[in-house]
Amino acid sequence: MCGIVGYVGSRQATPILMNGLSVLEYRGYDSAGICVQNGRLTTIRAEGKLVELEKKVKRFESHGTCGIAHTRWATHGVPEERNAHPHRDCTGSIALVHNGIIENYQELKADLMSTGHLFSSDTDSEVLAHMIEERMKNEMPLLQAVEDTLAHVRGTYGLVVVSKDVPQTLIAARMGSPLVIGVGEDEHYIASDPSALIAYTKDVIYLDDGEIAVVTSEGVHLNGSPSALTGSRQSKIDWDVEETTKGGHPHFMLKEIMEQPKVIEDSLRGRMDLIHGRCILGGLEGIQDRLAQIDRIVIVGCGSAYYAGLVGEYLIEEIAGIPVEVELASEFRYRKPLISERTAVLAISQSGETADTLEAIREAKRKHALTLGLVNTVGSSIARETDAGVYNHAGPEVGVASTKAFVSQLTTLTLIAIYLGQLRGVHERTHALLAGLAELPKQVQEILDHREQILEAVTSLGSTEHCLFLGRKFHAPIAYEGALKLKEVSYVHAEGYTSGEMKHGPIALIDKSFPSIVLCPKDSMFEKTWSNIEELKARGGMIIAITTDRESVGSLVDACIEIPQTLEELQPILSVIPTQLLAYEMAVARSLDPDKPRNLAKSVTVE
Ligand code: M6R
């Protein structure tokens, strides 16, 4: 949600800031801006996508070797230039970029206005600039003014401040919204996401909540400490810059769908001992004893991560025999969940920064549960705040729609289920499951090699504005996920249902203009799902089947997408792929940009 970039060093800041923004644009794209320090502060902002800012930057001079930049996803105030960051104080001496929400901004703003401050935006962020100004007017140095300002706000922030009066210095502060500092040779970078820095350095320092850093070209000083931060806080980014480019594909979403065979390999690498039939999860080794004691698992997540959790429920209960509940993190955090020391709360999150999921984990910690993370982003808040966890190693996901992250979550959840079974001496399915997992990359590739099937399905759907996704057991969550994907990138209204629920209501919708996409692999639910297909057909409904058995199903349905057969537990990993491609192709057919769906942002770090 929104992207922040900062630079201080000896090179021109503007190209570095603009490059960082282009990497982060997927985080917010309704307006953007930069501010460069050079004796004074030069601020350039534009409404709309980054290309609008680029045009303006070419027209105006913005020389200087220290600056900040921001790409915005609106929370407070409409997406217009005056609401774009960087925001300034009354005199233009202070500029800042802010991610997060200042909850008490209205009262703070009213106070400031009563003492003569003039506001130029509707945002919550602008109050911070005026509060710092007010303090500096009273001779407070910049750092102290920022500290004192933050002591008076409620809410979350990833904040970078620059002042015209303090040359070659940036102040960065974090509370609930990520910031990372990139360490270069006599230069430093700041970003809300390491992907914006990776072109320049792989050495990074993640700020923790409550920390305020003074960043100059020479060093990073934390919370007023006279000594600069040293190597102990530094870590290395373990992926390459190529992973943040489209690699020849027209969209990140397609690139990320196409790279799923490799993503599955990466999630499995080093974690399967096929000879002894064992699964190795280094991230859980240290807590084995506690894990063996747990009597219940609660999985929390949002959006696609929540649906991955629903598949995880089936996997863990069937494979390891441990009771599992799955809950939307946004609900979990606000009720009084009955959890104990013998409950493990597993947070699933691609970004590791989703505010609701992070708060759910904090609530679980307060209740003394064992907290676990299944997270993609190394060093993210959820990864750091959980007791232990497993990375899904999908690499950076740029497309707003979760695709490769979802598939790698399912793959890793299968490993977790096997591992938990192992700890309890349950081994019956292990050999077969590990062998099945090893085959998946090849089988996913087979689906991707037959993409033409998807185009036929898109043609059959034509200009439909509504559809149902249906599935049963392991495939119920895939029906929900398929519907979410279609609606978020193509804006077709789609609902996911377990096919057993059809007769309890949704079937009323069915006529010849209302299509259904039915997940019906040859598994233990095949005959039941087949009956549902007959019921839909009897009402004239149009049906697209995603199946492992074209021969049995093909004659009754309007279009058929065939996928390879695997074990029932692993089949969702294959059957979700056509739903991703379908959503992608529908968006493209409607001339929409699937990487930047309207009103959405990649990482939801606000409530
Ligand atoms: O980063 P997270 O996995 O925590 O994100 C959770 C959801 O916001 C995310 O899955 C969202 O639903 C995606 N846009 C789905 O494609």
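Read the numbers this way: they start at 1 and go in the same order the structure lists the ligands and their atoms. Nothing here was measured: the structure is a model prediction, and the numbers come from that model. Sequential numbering from 1 along the given sequence is applied to the chain's residues.
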Query raised in the report: In terms of side-chain geometry, is the basic nitrogen of Glu259 or Lys255 positioned less than 4.0 Å from the acidic oxygen of its partner?
Result: yes
Query - Heavy-atom check, side chain of Tyr584 versus side chain of Pro250, under 4.5 Å - result: yes
Requested in this report: For ligand 1, would you mind listing the residues that have at least one heavy atom less than 4.0 Å away, ordered by chain and number?
Outcome: Cys302, Gly303, Ser304, Ala305, Ser349, Gln350, Ser351, Thr354, Val400, Ala401, Ser402, Leu484, Lys485, Glu488
Requested in this report: Among Leu374, Ile418, Ile573, Val390, find the one that has a side-chain contact (heavy atoms from CB on, under 4.5 Å) with Leu413.
Outcome: Leu374
Query raised in the report: Taking only residues two or more places apart in sequence or in another chain, which ones pass side chain to side chain donor-acceptor pair (under 3.5 Å) with Lys246?
Result: none
Requested in this report: Start with the C-alpha distance between Lys485 and Ser304, add both sets of side-chain angles, then the distance that settles side-chain hydrogen bond (donor to acceptor under 3.5 Å, both in side chains), and finish with yes or no.
Outcome: CA-CA 9 Å; Lys485 213 90 308 170; Ser304 296; 3.2 Å; yes
**Report entry** pair His466-His493: side-chain heavy atoms closer than 4.5 Å
**Finding:** yes
